[in-house]
Structure formats: structure tokens, C-alpha cells
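Before any comments, here is the structure.
Letters A, B, ... mirror the listed sequences (proteins, then strands); counts begin at 1. Bear in mind the structure is a predicted one, so any value in this text is a computation, not a measurement.
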Number of protein chains: 2
Amino acid sequence: MREAHEARILAAAEDIFAQFGYNGAAIEAIAERAGLSKQNMLYYFPSKEILYHRVLENILDLWLEKMTLLAQSGEDPASMLENYIRGKFEISRAHPNGSKVFANEIINGAPHLRDYLRKNLIPQLEADIALVRGWIDQGLMDPIEPEHLFFTIWAATQTYADFSAQIELALDKDSLDEADFRKAGDFLTHIVLKGTGLKG
Amino acid sequence: MREAHEARILAAAEDIFAQFGYNGAAIEAIAERAGLSKQNMLYYFPSKEILYHRVLENILDLWLEKMTLLAQSGEDPASMLENYIRGKFEISRAHPNGSKVFANEIINGAPHLRDYLRKNLIPQLEADIALVRGWIDQGLMDPIEPEHLFFTIWAATQTYADFSAQIELALDKDSLDEADFRKAGDFLTHIVLKGTGLKG
DNA sequence: GTCTATAAGGGGATAGAC
DNA sequence: GTCTATCCCCTTATAGAC
């Protein structure tokens, strides 16, 4: 019972925070979307701040769990990198609102998130960078700067969630479907693998 | 006099809107940064909404003026595309806060901007896409989907402005300098030109 | 053009009955 | 756990003197 309510509230909060940002989101709007009164929702999440933290946490746990290059199952660099890219697109497709909440937070300087990122994201990134450097040292890959490879992949995959309004406008569609994400994945995979010298 | 005040207010507004979003930005904070009282600022810009519109307008005019592939002076596709990429990086470097205001707006569904983009951005994009299609038809370039090329370039260049908090954390720097932007530009240029078959 | 004062509303949070 | 009622602060915007 409590669990079901919390889940509905968290889902509603993700939507509203994504659309209006932290300050623009009214907790009353979140409660309404979850089918509760504002006061009742405050029984489950005593403050807006606490609710927001929980939403951010959920997204980040999901991301960090799945999104390390090292966790990819491929045998060779090209397929590991492709798996990583496809995986990030899949998260963007499946959780666009979570991505938007995160994006809002980072754009505003990551006031709630700085420490969490330093402790959790950065170490993963360092390990992935070391892996790529190894590939370069072995002559498997062009001598690019691995940091910028990751920044570019993150940006290019998340843009289909975060900037969907602009992309929908450009593609003249009401919403992006799986085919759009597949094409985007095809494109990025193509230029990353070929562009880094890993393939063709 | 009026002009000088308006310019200071607009600059301050860009900073504050970038950091706090539309709703989170207090006009008093903007006024303070501009060195005026809130009431006095309201003499120049009668409402928050009007001020925000002016800030958005300024950014977009700058972007649209400079950022069409067709406007690049290069002779061949590779140098035109490189100029385009370098130009977008330069705007990100020079106007990070403008980029953030724009990003906030798009993430939140572009409520103030939808019509403007449809009228101004989309036609430019269509023309640029047609140009790239021409290169593909002439066999100068791999048969990629031009839309996604542009989405990727936009995302990868703007991320150094919008997500600077994350990137600074990853690079362990207080702020990004020209060298960082140059390296980012080198990387993106390399994988785009090589990845699309335009070079090397 | 700039100031003091204040109206008007929204929204987060609490109190307390049931 | 849910409801009614309410407090209180923050913020936008206006009124009016100088």
C-alpha cells in the first residue's frame, strides 16, 4: 500500500520535475497527477526537497548500474563501444523524463548532486577512460582523447530525451518512436566506430 | 543611459536565468546583479516574462545569424563542416549562459519558443540537410542521415556549455578554458569527418 | 528615473480532527 | 492515513511621492 503510493508519487514527480524544473514544479501538481491530495502526499514525502532527492537518486542508480563501458559484454572494443552507445540510447528512450530532471540539475550547476557525482560517476568514468587508453596504446584505435569521446556519447544520446521538443519539431513528429532512436543509434555508432578507426 | 542600463540588466538576467531557470530566478537577484533596485529594473522591463523573452531572443538571433552550414565559407564539404563545428564550439565557449537558458527552455518543452523555432530554426535546418544530402548523392560522403548529424553536432557542442558542471567535475577543473574547447573541437571534427567518410 | 510602501497571489509546510 | 483549515514566507507587480 505504502509502496504503491510511493511509486505513483515518484513517477508523477519525475514527470512534473522534468517539465517544470525544481522551482517550477508545484507539489500540488505532483500530488494531483498521483491522485492524492497535497497534504496526503506530504505524509509520504515530508518535503519537496526530499521527494526531489529520491527522484534524482532513482535515475542515477539506474544509470550507474548499467552504464559503464567495462560492464559491456562484447569481446572486442568495437562491439563493447556499440553496446555502450545502444544502451545509453535505450535508457534515453525508456526514461526521457528522468534524463530531463538530471539535465535540469546539471545545467543549474548540480547543486544537489555534486558530491554524488564525484563519488559515483567520476570513478566509473576514470576506469572507462583507462580502458580506452589501453585500446589506443595497443594500436586498436586512433589516438583521440577518451574524455571527449564519453562527453560526446553522453551528449548525443541524452539529447534525444532532453531536447526532444526541438528534435520532434525538426522531424515534424509528435513524439519520437523506436525507429527514430534506432536511426540515431545507427548514426552515432557509425561515426564513432569509423571515426575512431575501430571499424571500416 | 537607458541603453547601458538595459544591457546590464540583460546580461545579469542571462546569468541568473541560466543558473536558476525561469521560475527559480528572482527578479530581485537579477536587479541586484545589475546594480539596480528591483522596482527600478521594472521600470525598464515591466515584467519578468518580457525580460525573459528578450534574453531568449538575443541568444537565438546570435545563433541563427551565424549557425547555418550554408553560411560557412569553406570550399569543400570537409572544411565547411569543420567551420560549422568550430563555430558552434566558439559560441558555446563565448556564451555558455545563453546556451543554458536555451537548454532549460527546450527541456521544459519550449513553451515560449515553439513558434519561433518553427519559423526560424527549422527552415535553416532543412536547407542545411538538403546540402548534406547533395554531398551524399554526389558520393562525397557516406549515406548517413543528415538530421542526426546535426542533432549530434548540436548536442556535442552545446554540452560543454550546458553540462559544464559535469564536465568540469570529470576533468577536475574549476572552469573550462580555451584549450579544453579546442581539444573538444579536435575530437568532434575528427570523428565527424572521418566517420562520415569526408576525410582520411 | 529612482525611491518607499504595499498590494496580491502562489505555494510549501504544519496543526489537529477523524 | 486522510481530511479541513490555516499559517507564513517569498516573489511579482503596482501606487504614488520626490
Modelled atom types, side-chain donor and acceptor of D142(B) and T196(B), under 3.5 Å: no

Ring pair (Phe, Tyr, Trp, His ring centres under 6.0 Å) evaluation trace for W154(A) with F163(B): CA-CA 10 Å; W154(A) 294 348; F163(B) 283 43; 9.1 Å; no

Under 3.5 Å donor-acceptor pair, K38(A) side-chain atoms to dG12(C) base atoms: yes

Atom-pair distance (CD1 on I9(A); C1' on dT2(D)), nearest Å: 12 Å

Side chain of A26(B) (C-beta onward), nearest among dA13(C), dG1(C), dT11(D): dT11(D)

Between Y22(A) and E105(A), a side-chain donor and acceptor under 3.5 Å: no

E75(B) vs M80(B) side-chain heavy atoms within contact, under 4.5 Å: no

Interatomic distance where CZ belongs to F20(B) and P belongs to dT11(D) [whole Å]: 10 Å

Sugar-phosphate only, base, or nothing, as touched by I27(B) at under 4.0 Å among non-hydrogen atoms: sugar-phosphate

Of the listed nucleotides dG1(D), dG12(C), dT12(D), the one nearest the side chain of K48(A): dG12(C)

Between P of dA13(D) and CG of L36(B), the distance in whole Å: 16 Å

Carboxylate-amine/guanidinium contact R86(B) D186(B), below 4.0 Å: yes

Interatomic distance, L42(A) CG vs dA13(C) C1' [rounded to whole Å]: 7 Å

Under-3.5 Å N/O pairs linking protein and nucleotides 15-18 of chain D:
none

M1(B) CE to dG1(C) C1', straight-line distance once rounded to whole Å: 8 Å

Nearest-Å distance for atom pair CG/P, residues N23(B) and dG10(C): 14 Å

Whole-Å gap separating C1' (dT11(D)) and CD1 (I30(B)): 12 Å

H5(B), nearest nucleotide to its side chain (from dT2(C), dG12(C), dT14(C)): dT2(C)

Short side-chain N/O contact from S37(A) to OP1 or OP2 of dT2(D), under 4.0 Å: no

Side chain to side chain contact (heavy atoms under 4.5 Å, CB included) partner of I122(A), chosen from L169(B), D172(B), L171(B): L169(B)

Basic-acidic side-chain contact under 4.0 Å: D115(B), K119(B): no

Nearest-neighbour nucleotide for the Y44(A) side chain, dA13(C), dA13(D), dG1(D) considered: dG1(D)

Atom-pair distance (CG on L51(A); P on dG11(C)), nearest Å: 16 Å

Sugar-phosphate only, base, or nothing, as touched by A25(B) at under 4.0 Å among non-hydrogen atoms: sugar-phosphate

